[in-house]
Structure formats: structure tokens, C-alpha cells
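Throughout, numbering of the chain's residues begins at 1 and tracks the sequence.
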Amino acid sequence: MPKIRVLIADDHAILREGLKALLSLADDIEVVGEAGDYGELRALMRGQSCDVLVLDINLPGRNGLDVLHV
């Protein structure tokens, strides 16, 4: 069975690390990338596919919801 591929986008590194640690406990989930700001997230999404995006709507550089329109 394929794993659920997750991208995490939040400007707080400790939150990203905590989410990664929790998600790593599940055998069927794989964190495929993380971003700390809008620019990093856009670059990741160009080169990385995911099934789930955990998105902070208050990302530095631009509103996190803007990434959903592109």
C-alpha cells in the first residue's frame, strides 16, 4: 500500500519538527518536504508532489492561502 505523502509549511521550525515527529509514528505516512516561507513552499511544490499539504495561512512573504490559487 502506498504511503500518504505530506508537505508541511509553517514558519515555526519547532512546529514543523513536532509534526514530522508525530507523523513519523504512522507507518503509512511520509513527510516529503517542509517549508518555512512562501518562497520555499512554491519551490517545493514545483518539484515535489504530495497528497496532503499542512499549511500555515500566515507564512512570511505572502499569505499561505495564495499558494492554493496557483
Pairs under 3.5 angstrom only: tabulate donor-acceptor contacts from the side chains of residues 51-60 to other protein residues two or more places apart or in another chain.
residue: Asp51; atom: OD2; partner: Arg5; partner atom: N; Å: 2.8
residue: Asp56; atom: OD1; partner: Asn58; partner atom: N; Å: 3.0

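Looking at residues two or more places apart in sequence or on another chain, you find a side-chain hydrogen bond (donor to acceptor under 3.5 Å, both in side chains) between Asp10 and His12. Remark: Val31 engages Ile8, Lys20, Leu23 in a side chain to side chain contact (heavy atoms under 4.5 Å, CB included) (not counting sequence neighbours).
Other residues sharing the hydrophobic cluster of Met1, ordered by chain and number and joined by side-chain separations under 4.5 Å: none, the residue standing alone. Think of Ile14 as one node in a network of Ile, Leu, Val, Met, Phe, Trp and Tyr side chains linked at under 4.5 Å; it has no links at all.
Among pairs with a residue in residues 21-30, none fulfils side-chain hydrogen bond (donor to acceptor under 3.5 Å, both in side chains), at least two apart in sequence or across chains.
When all heavy atoms of Ala35 and Leu41 are compared, the closest pair comes out as CB-N, 3.4 Å. Pairing each heavy atom of Leu7 with each of Cys50, the nearest pair is CD1-SG, 3.7 Å.
When side chains are defined from C-beta on, Asp37 does not count as touching Asp11, because their heavy atoms never get closer than 4.5 Å. In this structure, Glu34 and Glu17 have side chains that are in contact, with non-hydrogen atoms separated by less than 4.5 Å.
No path of Ile, Leu, Val, Met, Phe, Trp and Tyr side chains, each step under 4.5 Å between heavy atoms, connects Val6 with Val32, placing them in separate hydrophobic clusters.
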